[in-house]
Each structure stands twice: as structure tokens, then as C-alpha cells.
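The basis for the numbers below is simple: all heavy atoms, side chains too, and nothing from hydrogens, waters or symmetry mates. Just follow the structure's listing: the first ligand is 1, and inside any ligand the first atom is 1. Numbering starts at 1 and runs along the sequence shown.
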Amino acid sequence: MNVVTEIALLREEITSWKKEEHSIGLVPTMGFLHEGHLSLVREARTRCDKLVTSIFVNPLQFGANEDLDRYPKTLQRDTQLLEREGVDLLFCPQPAAMYQKGFQTSVTLGEIASNLCGSSRPGHFEGVATVVCKLFNLISPDIAVFGQKDYQQLMIIQQLVEDLNFPVEIIGCPIVREPDGLAMSSRNKYLTDAERKEAVRLYKALIQARQMIEEQGICPSVQVKRSVQDMIEESPLCRVDYVAVVNAQTLSPVERAKQGDIIAVAVFLNKTRLIDNMLL
Ligand code: AMP
């Protein structure tokens, strides 16, 4: 596996692959890889000739009081894992290489980024969209794979690709979970043992919501959201940031929850913010 930090070297490799008419796949990540990330890599591996994974903790998508400075970095271990999965190139630039002095352009997003994490983390998705556009321009992938764990991010990127005419197919992969149901996340590492025990409430509450819809068919969203919030906040360690029932495509809130909608949650355990979602 070729490990590249410089943009010029990345471009050289991409150009030579394109000349040989190889199809290219991309899996963007922020590193500290777990089985969730590796599931995307495995999916991408089956769909392209040459596979690029990026590891870049993108400062543009972190708010002032978020965890940019303490975000875990394990590049050596990540490199070994990606090598084992048959990745061809790991792109791991320094922030200064991605955002050169004087950088001042960014992507603006509409409605789709306005609620859920978009309202809790102002500027976050603009930062994500901007870095993803840069990666698409640098790598020209034929396919790019993202996780449904970040469901709003996946929908925003699909919209962005359509709106800005990127010739790339976006593939969404299912959420990979720990044996007890907690969605795998790099941020789970921040949890104390006591918080980790309570964190499974996110999953359990979503399952309960799904059961409500299975049993009752259509159900007022307020009722579903209330049951999720109550179950999570039964623990004094958990503080709900949001619970929402939204249309799976537009992400607009729905009055009446039904099969095919998405229920999404964000929860603080002390300073650690976890997200999860489920198709009803
Ligand atoms: P991150 O490193 O957190 O930026 O995530 C990189 C990619 O991995 C994103 O497309 C995420 O949606 C995806 N991802 C993260 N956790 C999971 C998970 N538990 N299951 C599936 N995909 C995931």
C-alpha cells in the first residue's frame, strides 16, 4: 500500500491509474479505524480496481468547543489494518496541505443540512461537504462509500453529488454495531465504563421506537420521540441533544411516524456526543 501525504504525489498516482483506465474507489475517514470503517473498505474493495482510503481529521468540520484537539490518532495501526484489507493507497495529508495559506472557499448547503446535527453543530456539514469536494477533485473516484451511521451526512453527500454534477456513485453501508447494539464510533473511546454501559440506551430506545411502529402502524411522532427520550434520559448520565423522526430522503420532520421513516438521536454522555439512527 502506498502511503501518501502530499497532494502532488497523490495526483501523480491517480493520473497513472486513470491512464491505465482503472476504476477508482474512495473511502473517506478520520482514522482510529474500527469494524464500521472496515466494512466500508470491504464494500469498496469489491467495486473498484484501485482503492483509496483517506485519513484526515478535518478541522473545518469541528466547532470551537468540540474534540478536534483530542480526536484519537492511531496512524500506524490504521495503516496496518488498511494494508490487510488490500487498500492501494492511503492518503493522510496534514491540515496545512489541504488548507493552504489564504484558503477561503467553502460549500454552502440548503434545507437538508438545517436540522438534526446541522442545527446542533453549526458549520459542521459545510466543513464535511467542502473536504469531500476536495477529495473528489483530488481523487476523481468512480465510487465513494459512506456509512449510514452518519445518515444525514450520507444524504447531504448524495445531494451534493447530484447538485454539483460530480461523476461519482455514492454507496451507503449499514451501521456496524458492538455485540450489545451500540453503534461503533471512534468517539466511544471517550466513554467511562459507567457511560459505556448506559450508551446502549440509544440503540435500545431506537429498537423500542421501531417496535411501536411495527405494532401500531402509523403513530404520532411526538409519542415515538417521547418514548425514546424517556428511555434514554432514565439514566442520569444521558442528556438527549435531539430525537427526530424524519423523511428518509428529504430529512424533513414528519408529524406521523411510519414505516420507511428514519428515527435519529444525538445524546451527550458528559462531554461525549453520540449519534445513532434506525429505519422504521
Ligand atoms: P469517521 O471516521 O467517523 O469520519 O467515519 C468515516 C466513515 O465511516 C463515515 O462514512 C461513517 O459514516 C462511517 N462509519 C463510522 N462508524 C460506522 C459504523 N459503526 N458503521 C458503518 N459505518 C460507519
* **Residue T29 vicinity, atoms of ligand 1 by number, heavy atom under 4.0 Å** => 2 (O), 6 (C)
* Option from V3, I7, L9 for which side chain to side chain contact (heavy atoms under 4.5 Å, CB included) with F91 holds -> I7
* Distance-only side-chain donor-acceptor flag, S23 / D142, under 3.5 Å -> no
* **Electrostatic pair R201:E234 at N-O distance under 4.0 angstrom** => yes
* **Atoms in ligand 1 with a heavy atom of I175 nearer than 4.0 Å** => 20 (N), 21 (C)
* Side-chain ion pair, R226 and D230, N-O less than 4.0 Å -> yes
* **Under 3.5 Å: N/O of M30 near N/O of ligand 1** => yes
* Does F146, backbone or side chain, put an N or O under 3.5 Å from an N or O of ligand 1? -> no
* Asked: Nearest protein heavy atom to atom 12 (O) of ligand 1, by residue and atom, and its distance?
  -> D150 OD2, 2.6 Å
* Once the angle between the rings of Y71 and F62 is folded into 0 to 90°, is it parallel (under 30°), tilted (30 to 60°) or perpendicular (over 60°)? -> perpendicular
If you look only at distance, which donor and acceptor atoms sit under 3.5 Å apart when one is on a side chain in residues 164-178 and the other is two or more places apart or in another chain?
unit_1, atom_1, unit_2, atom_2, d
R177, NH1, G181, O, 2.8
R177, NH1, D276, OD2, 2.9
R177, NH2, D276, OD1, 3.0

* Asked: Under 4.0 Å from any heavy atom of P28, which atoms of ligand 1 are there?
  -> 6 (C), 7 (C)
* Structure fact -> The answer for which part of Q148 has a heavy atom under 4.0 Å from ligand 1 is neither
* To do: Tell me which part of S186 gets within contact of ligand 1: side chain, backbone, both or neither, using heavy atoms under 4.0 Å.
  => neither
* Asked: Is a salt bridge present between E66 and R121, judged by a nitrogen-to-oxygen distance below 4.0 Å?
  -> yes
* For H37 and ligand 1, does the shortest N/O to N/O distance drop below 3.5 Å? -> yes
* Can you check whether V176 has an N/O within less than 3.5 Å of an N/O in ligand 1? -> yes
* Asked: Counting heavy atoms only, which part of C173 comes closer than 4.0 Å to ligand 1: side chain, backbone, both or neither?
  -> neither
* Asked: For ligand 1, which atoms have a heavy atom of M184 less than 4.0 angstrom away?
  -> 16 (N), 17 (C), 18 (C), 19 (N)
* Hey, any chance I275 and V57 share a hydrophobic cluster, counting ILVMFWY side chains that come within less than 4.5 Å of each other, even indirectly? -> no
* To do: Considering heavy atoms of the protein only, find what lies nearest to atom 22 (N) of ligand 1 and give residue, atom and distance to 0.1 Å.
  => G147 CA, 3.6 Å
* Closest protein heavy atom to atom 23 (C) of ligand 1, given as residue, atom name and distance to 0.1 Å -> K149 CB, 3.9 Å
* When you check the gap from the basic side-chain N to the acidic O, do K258 and D261 get nearer than 4.0 Å? -> yes
* **Nearest-neighbour protein heavy atom for atom 21 (C) of ligand 1, which is reported as residue plus atom name and distance** => P174 O, 3.4 Å
* Under 3.5 Å, is there a donor-acceptor pair linking the side chains of T74 and D78? -> yes
* **atom 16 (N) of ligand 1 - nearest protein heavy atom and its distance** => H34 CE1, 3.3 Å
* To do: Return the residue, atom name and 0.1 Å-rounded distance of the protein heavy atom closest to atom 13 (C) of ligand 1.
  => L40 CD1, 3.6 Å
* Contact check, R177 vs ligand 1, heavy-atom distance below 4.0 Å -> no
* Carefully, step by step, assess K271 and E195 under the rule salt bridge (Lys or Arg N to Asp or Glu O under 4.0 Å). => CA-CA 11 Å; K271 280 191 193 144; E195 288 165 355; over 6 Å; no
